[in-house]
Amino acid sequence: MPTVQDSGGGYPLPALRFALLNWYQQQGRDLPWRHSRDPYAIWVSEIMLQQTQVATVIPYYQRWLATFPTLPDLAAAELETVLKLWQGLGYYARARHLHRAAQQIMTHHAGEFPRSYEAVVALPGIGRSTAGAILSAAFNQPQPILDGNVKRVLARLYGLTVPPKQAEAQLWQWSAQLLCPQSPRDFNQALMDLGATICTPRHPLCHACPWQHHCLAHRHQLTHEIPRKMSRSPLPHKKIGVAVIWNATGQILIDRRPPTGLLGGLWEFPGGKIEPNETVQECIQREIREELGIEIRVGEHLIDIDHAYTHFRVTLHVYYCQHLSGTPQPLECDAIRWVTPEELEQFPFPKANTAIIQAIHERGRPTA
DNA sequence: AAAGCGTGGCT
DNA sequence: TAGCCAAGCTT
């Protein structure tokens, strides 16, 4: 007795493949990295595209290739330069891994991007799906992929009734089994295009889908229920006191975050979490004493900023401060610098901090 | 193996 | 406004 999950529509694989490839030939997207067969360029695009939409990636991709045209160019760059180029794209570990992987390829692979799955998936920042995407796109190797688009397409095609997270092995098997052995490059790209343009999360365009008559979700009118979602707990909300500390010569104190973890390697304005029964001013004074070992006077309010990360949301309460005494030390960070407002542009800052920089330029030096 | 890790767009 | 979602990987 076939269930909704394992019947697969009952169509022969070649018919499914042909329908998709034919659609892709006519309706596939024209994307910058598809003009290249350079594994380095394709690798860069695939890393940028992790959890990130095409429209966001394109300008970053163009700037990246203009700045680092080849893999050795990237390997030879400073991490700071790499992070500055990545600024605003998020998930900054991707940039750190890209940089480190380039250096590993220089030393372990003579500067040539490796062609074996084992060697590629061993590189930092490259998992199973990204390895498959690179190897199929660059070398036309028959390696399956499984990103968000493919998960959604396959979940609907095969009528998957549990959340995709609970059926990873099954989804990988479907992706591998479906993959066209003659045209793995085009097939994988087609699968992603189908998910991005037709089989979308909210309003799928089933009438224009080459798999409309093969799709179990469509047949059973379950398109809007699949893929099933996992329930999430609400995001905690943190209140943060932030100091823009000025010295007597009109410079501002910034610090670099530790090299790993949240926003690792990026610069920021110092501060920290407001404890219960603590005013913002008290928090800022305490945090600066703990983090930098200096005394300050908390002055005028600059700006409040709301920002949402993946796992929590924050409100930054930003105040101008005056340096009173002590030499700042990197007690809880990686490095410290006094810089002029103009010099702030040279450093990689997270998004929530760029609004602070903007406000500094508008307000100027403290009046008192 | 479950949690951590950014940001922009849309509802 | 707050939540959801998007070409996942690492620890």
Side-chain angles (χ1 to χ4, degrees), chain A residues 28-29 31-34 42-61 83 86-98 100-101 120-137 143-154 163-166 168-169 171-172 175 185 188-197 199-204 224 227-237 257-266 268 305-315 348-355:
Chain A
R29 294 174 293 180
L31 302 173
W33 40 90
R34 288 187 183 160
I42 289 166
W43 169 40
V44 170
S45 77
E46 290 299 337
I47 299 300
M48 288 184 170
L49 286 161
Q50 289 170 359
Q51 303 291 101
T52 310
Q53 297 187 346
V54 164
T56 305
V57 164
I58 287 176
Y60 282 89
Y61 174 80
L83 286 172
W86 200 272
Q87 175 177 316
L89 200 52
Y91 286 131
Y92 298 93
R94 293 183 293 172
R96 304 195 299 267
H97 289 150
L98 208 40
R100 186 149 55 89
V120 170
V121 82
L123 293 167
I126 300 182
R128 193 169 168 186
S129 186
T130 300
I134 296 170
L135 289 171
S136 61
Q143 300 285 353
I145 57 172
L146 192 61
D147 58 25
N149 284 319
V150 178
K151 282 178 186 172
R152 188 173 55 257
V153 169
L154 297 182
K165 200 169 196 59
Q166 295 175 20
E168 289 271 323
L171 286 161
W172 271 110
S175 180
R185 171 189 290 127
N188 280 344
Q189 298 298 318
L191 209 45
M192 291 191 281
D193 276 17
L194 189 68
T197 65
C199 196
T200 53
R202 304 262 171 94
H203 306 291
H224 294 277
R228 251 204 61 195
K229 298 155 188 72
M230 305 272 280
S231 61
R232 296 184 191 179
S233 49
L235 304 180
H237 191 153
R257 298 175 61 90
T260 60
L262 182 67
L263 306 170
L266 273 69
E268 65 176 4
I305 295 163
D306 285 308
H307 191 78
Y309 295 95
T310 309
H311 283 74
F312 60 94
R313 90 179 29 249
V314 294
T315 302
F349 280 91
K351 178 62 172 52
N353 278 248
T354 60

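So you know, we letter chains A, B, ... as the sequences are listed, proteins then strands, and number each from 1.
Every residue two or more places apart in sequence or in another chain that forms a side-chain contact (heavy atoms from CB on, under 4.5 Å) with H307(A) is listed here: Y309(A), V314(A), K351(A), A352(A). Partners of R257(A) according to the salt bridge (Lys or Arg N to Asp or Glu O under 4.0 Å) rule, which considers only residues two or more places apart in sequence or in another chain, are E268(A). With sequence neighbours left out, T315(A) forms a side-chain contact (heavy atoms from CB on, under 4.5 Å) with H237(A), D306(A), H317(A). For R100(A), the salt bridge (Lys or Arg N to Asp or Glu O under 4.0 Å) test picks out no residue, with sequence neighbours left out. For T310(A), the side-chain contact (heavy atoms from CB on, under 4.5 Å) test picks out Y91(A), with sequence neighbours left out. Every residue meeting the ring pair (Phe, Tyr, Trp, His ring centres under 6.0 Å) condition with W33(A), not counting sequence neighbours, appears here in chain and number order: Y61(A). By the salt bridge (Lys or Arg N to Asp or Glu O under 4.0 Å) test, R313(A) is found to be paired with no residue, residues two or more places apart in sequence or in another chain being considered. With sequence neighbours excluded, no residue forms a side-chain contact (heavy atoms from CB on, under 4.5 Å) with L235(A).
Contacts of T52(A) with the nucleic acid, taken as non-hydrogen atoms under 4.0 Å apart, include base atoms. Across all strands, A55(A) comes closer than 4.0 Å to no nucleic acid atom at all (heavy-atom distances). Residue-level contact check: R29(A) touches the bases, meaning some heavy atom is under 4.0 Å from a base atom. G88(A) comes within 4.0 angstrom of the backbone, heavy atoms only, and of no base. Nucleic acid contact class of E46(A) (heavy atoms, under 4.0 Å, all strands): base. I42(A) comes within 4.0 angstrom of no nucleic acid atom, judged by non-hydrogen atoms across all strands. Contacts of W33(A) with the nucleic acid, taken as non-hydrogen atoms under 4.0 Å apart, include base atoms. Across all strands shown, I126(A) has heavy atoms under 4.0 Å from sugar-phosphate atoms exclusively, and none from any base.
A gap of 23 Å separates the P atoms of dC5(B) and dA7(C), to the nearest Å.
The shortest non-hydrogen separation linking L263(A) to Y92(A) is CD2-CE1, 3.6 Å. Between V153(A) and C199(A), the shortest heavy-atom contact is CG2-CB, 3.8 Å. Residues L89(A) and M48(A) share a closest heavy-atom pair of CD2-CG, 4.0 Å.
DNA chain C is contacted by both Q189(A) and L123(A); Q189(A) maps to the nucleotide lying nearer its 5′ end (nearest heavy atom per residue).
In this entry the distance linking CZ of F349(A) with C1' of dG6(B) reads 17 Å, nearest Å. One can place CG of L235(A) at 15 Å from P of dT7(B), the figure rounded to the nearest angstrom. Spacing between atom OH of Y60(A) and atom P of dG6(B) amounts to 13 Å, rounded to whole angstrom units. In this structure, Q166(A) atom CD and dA1(B) atom C1' are separated by 13 Å, rounded to whole Å.
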Side-chain donor-acceptor distances from residues 125-134 of chain A under 3.5 Å, at least two apart:
| residue | atom | partner | partner atom | Å |
| --- | --- | --- | --- | --- |
| S129(A) | OG | L146(A) | N | 3.0 |
| T130(A) | OG1 | Q50(A) | NE2 | 3.0 |

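Taking a heavy-atom distance under 4.0 Å as the criterion, the stretch of DNA chain C touched by chain A extends 5' to 3' from dA2(C) to dT10(C).
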Pick out the pairs of N or O atoms, protein on one side and nucleotides 9-11 of chain B on the other, that lie under 3.5 Å.
none

Nucleotides 3-5 of chain B: which of its N/O atoms have a protein N/O under 3.5 Å away?
| residue | atom | partner | partner atom | Å |
| --- | --- | --- | --- | --- |
| dC5(B) | OP1 | L262(A) | N | 3.4 |

